[in-house]
Amino acid sequence: MKASQVNTGVSLKMSQSSQKFSSTGTQATRVIGVLAIVVMAWVVISGLVFTPADVVQGESVRIMYVHVPSAWIAYLAFIVTAIASSFYIFAKRHSLGFDRVAGASAEVGVMFMAITLITGSLWGRLTWGEFWQWDPRLTTTAFLFVTYIGYLAVRRLDGSIEQRARRSGVIALLAVLEIPLVHFSVVFWRSLHQRATILDPNGDVKMDGLMLFTLFSGVVAFTLVFAWLVLHRQRTMLLSDLSNERGLDNAILARQSENASN
Amino acid sequence: MPSEKVVDFKDVVIVYDNFPAVAGATFSVDKGEIVLLQGPNGAGKTTLLRACAGLLPIARGTANVLGCDLSTNRVAVRSRVGLLGHANGLFQDLTVLENMLFWSRLVGATRQDVDQAMIAMGISGRLGETQVAKLSAGQRRRCALASLIVRRAQLWLLDEPHAGLDTQGRDELDRTLRAARDSGATVIFASHEIERARSLATRSLMVTTGMVKPA
Amino acid sequence: MNQTPRSRVVSAVLTKDLRIEARSRVVTNQVLPFAGLIMIMFAFALDNDDVLQRVAGGLIWLATIFSLFVIVQRSFAIDTSDSALDSLRVAGIDLSAVFLGKAIALTLQLIALDVVLIAAAFLLYQVQVSAAGLVLLVTCVICATTGLGFVGTLYGGLTAGTTGRETLLPLLLLPVVAPVLIAATRATEAAFGSGGAATSEGWAWVGLLTIFAAVFGIGGSLAFGPLIDE
């Protein structure tokens with residue numbers, strides 16, 4: 001039996017489309033990438049040089065230009081993961097494209113969550129004198145971080161691609177249920193045991209126009225970086241799935257020719 | 001009248017642990033047949049049987065079992081097939097009777113069905129009160145077969161059912177499978193006991209390197 | 001073939017799991033002593049009667065959660081050791097009913113465990129409880145263990161039969177059960193009156209435990225089937 005008889009339309013289409021990708025870049029990602037570099041350069045210069053130090057916090061306020069955008073991206077990433085996962089699970093045709101976007105977004109999100117926690121605790125050391133406070137927002141973020149590390153571990157479990165997609169999709173949706181419960185219980189817990197109010201990273205700062213604009217630029221720059229990373233990552237995932245598929249073609253041929261040699 | 005196809009596989013590929021255990025299998029089984037799958041170890045017999053039971057995803061090709069398309073809905077077929085795998089699916093700490101009653105409750109069989117099945121496989125009486133952990137391999141196999149009988153499946157899938165059974169047990173098994181066929185079921189089984197299996201089967205298929213051809 | 005009624009599947013799975021425990025006594029002979037030892041080790045580590053009395057609630061629930069991992073692994077080892085889980089899937093029965101049966105069995109075992117742990121807290125840490133506190137304590141144990149039973153069965157099913165499940169299960173479960181740890185601890189402290197906590201404070205936490213149990217009871221019933229399927 002020839003291999004072409006075994007191939008179904010789906011796999012043929014996949015191997016054709018795989019030839020189109022010589023790299024994971026496209027016109028769109030190149031534009032996003034250049035924009036990200038330009039805006040990021042402005043944020044770095046403005047954040048470090050142009051903007052003034054804060055009256056209360058001093059120079060440490062500059063951490064905010066990294067911290068706030070990365071926290072925003074971290075949460076955005078997990079919302080994207082949750083939405084893509086629900087599309088995968090609830091859509092009639094379970095499209096693996098959604099699963100790849102969910103996985104790519106979670107990976108990027110975990111990275112930004114790590115940046116958020118690190119910059120946050122550095123800021124805390126400078127402002128509160130401590131790296132960590134049991135602030136509800138901090139605690140929820142830490143739990144979210146661990147939860148998505150678990151999500152990525154589930155993606156690496158053995159099994160087929162569909163199994164990976166289904167398991168991780170369910171975990172992503174359960175995380176959406178879990179995070180509000182964690183947040184609520186921590187808020188509730190701290191409200192009973194609260195001592196002094198903690199200095200809020202954005203609330204207590206007197207922001208002038210340039211500072212606000214720099215912060216806003218930071219959000220834009222990080223969002224562009226996020227989009228760039230996720231687009232590339234989900235394409236490398238697609239290529240790896242396709243190469244598995246192609247490996248399967250070869251494996252089927254090898255398996256069948258075992259037959260001929262016997 | 002055209003015969004009714006219970007199993008219809010066309011160019012089916014089944015991937016297990018990134019390996020195409022079944023690599024383009026084409027075969028069909030008609031209602032009322034007792035089909036023997038023979039072939040060397042690692043040929044893909046177990047994978048074929050598990051796929052027929054709706055347990056494994058179909059990577060490529062089209063697979064129909066009892067009128068259900070396995071690529072779109074593998075779950076629908078499950079309540080109508082019975083699978084005896086390499087493992088027996090028994091709970092070690094329960095007695096034979098408790099195991100039987102557990103499975104019969106799940107599939108809605110009566111106590112009478114259970115008693116008949118246990119008599120048919122020769123595990124009634126004192127043996128029924130024994131914990132599975134204390135049974136010999138052959139006795140466990142009988143117990144697993146008995147719990148398969150109460151399922152009254154339309155398609156029986158058995159992976160080396162003869163292994164571990166003594167001569168008497170094999171006779172009981174063959175009788176049971178013929179009786180199932182007579183009551184309208186279809187049987188597919190894999191076996192290395194070629195002599196005995198050939199006398200039981202109405203047709204043999206050869207499975208080698210993930211493909212199926214007439215033996 | 002007709003679908004077997006859900007309630008019959010739930011009760012069959014529940015009685016199966018409990019009967020196997022009654023016979024093998026793995027939880028009774030191994031997990032209970034393990035949890036008891038944790039309580040004693042805490043006493044060594046903290047080495048102060050006042051502190052122990054104040055943190056008794058937290059220690060009870062930490063010991064419960066550590067034991068949960070072991071009991072969940074055991075609960076699924078029963079089904080995977082001879083591929084009975086495969087047979088359950090082929091039987092074409094409603095897997096959400098299997099989920100409920102296993103979750104109730106797990107909850108009952110956790111309740112038994114907590115009764116012993118609370119008794120240990122009375123003996124070892126000299127905590128005290130009023131009548132109103134006792135009502136709160138019993139409600140708290142029931143609500144918390146129900147939530148843990150659901151969540152443990154759900155994630156236990158996900159990791160059952162996979163490689164590296166011993167380490168993956170705690171990684172996945174710990175962040176999820178954090179609300180139970182916080183809420184059950186506060187409610188238990190309120191029941192014991194630890195650190196001057198009023199009994200009435202505890203009921204709000206029981207409310208949170210109830211929400212948790214409801215969320216994961218519903219979520220688990222829906223998700224369990226797709227999760228354990230191949």
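Numbered from 1 within each chain, the chains take letters A, B, ... in sequence-line order. Note that the structure is a prediction, hence the values are computed from the model and not measured.
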- request: Check the surroundings of atom CZ in C/Phe66: do more than 12 heavy atoms from other residues, nucleotides or ligands lie under 6.0 Å from it?
  value: no
message: To the nearest 0.5 Å, what is the distance between CG on C/Leu158 and CG on A/Leu157?
response: 6.5 Å
query: Is the number of heavy atoms from other residues, nucleotides or ligands within 6.0 Å of CZ (A/Phe87) greater than 12?
result: no
message: Which one wins on heavy-atom pair count under 4.5 Å against chain A: C/Val176, C/Leu208, C/Leu222, C/Leu168?
response: C/Val176
query: About how many Å separate CZ of C/Phe212 and CG of A/Leu177, when rounded to the nearest 0.5 Å?
result: 10.0 Å
Enclosure of C/Glu166 CD (heavy-atom neighbours >12, cutoff 6.0 Å): yes
query: Of all heavy-atom pairs between A/Arg167 and C/Leu227, which one has the smallest distance, and what is that distance?
result: CA-CD2, 3.7 Å
message: So, taking the atom named OG in A/Ser185 and the one named CH2 in C/Trp205, what distance separates them when rounded to the nearest 0.5 Å?
response: 6.5 Å
- request: Please indicate whether C/Arg54 has more than 12 foreign heavy atoms, meaning atoms of other residues, nucleotides or ligands, lying under 6.0 Å from its CZ.
  value: no
- request: Among A/Thr147, A/Asp158, A/Val154, single out the residue with the greatest number of heavy-atom pairs under 4.5 Å to chain C.
  value: A/Asp158
query: How long is the gap from CZ on A/Phe143 to CG on C/Leu174, to the nearest 0.5 Å?
result: 8.5 Å
task: Identify the heavy atoms of C/Pro175 and A/Val182 that sit nearest to each other, and give their distance.
output: O-CG2, 3.9 Å
message: Strictly by salt bridge (Lys or Arg N to Asp or Glu O under 4.0 Å), give each pair with a member in residues 97-107 of chain C just once, sequence neighbours left out.
response: C/Asp17-C/Lys102, C/Asp79-C/Lys102
- line: Heavy-atom closest pair (A/Gly150 atom, C/Leu171 atom, distance to 0.1 Å) is CA-CD2, 4.0 Å
- line: Value for CG (A/Leu174) from OH (C/Tyr155), rounded to nearest 0.5 Å, stands at 4.5 Å
message: Is there a side chain to side chain contact (heavy atoms under 4.5 Å, CB included) between A/Leu181 and C/Phe216? Walk through the geometry before answering.
response: CA-CA 11 Å; A/Leu181 280 170; C/Phe216 281 97; 4.0 Å; yes
statement: When the 4.5 angstrom heavy-atom criterion is applied to C/Leu154 and chain A, the contacting part is side chain
query: Of the non-hydrogen atoms in C/Leu172 and A/Tyr151, which two are nearest, and what is the gap between them?
result: CD2-N, 4.4 Å
task: Please flag which part of A/Leu144 lies under 4.5 Å from any non-hydrogen atom of chain C: side chain, backbone, both or neither.
output: neither
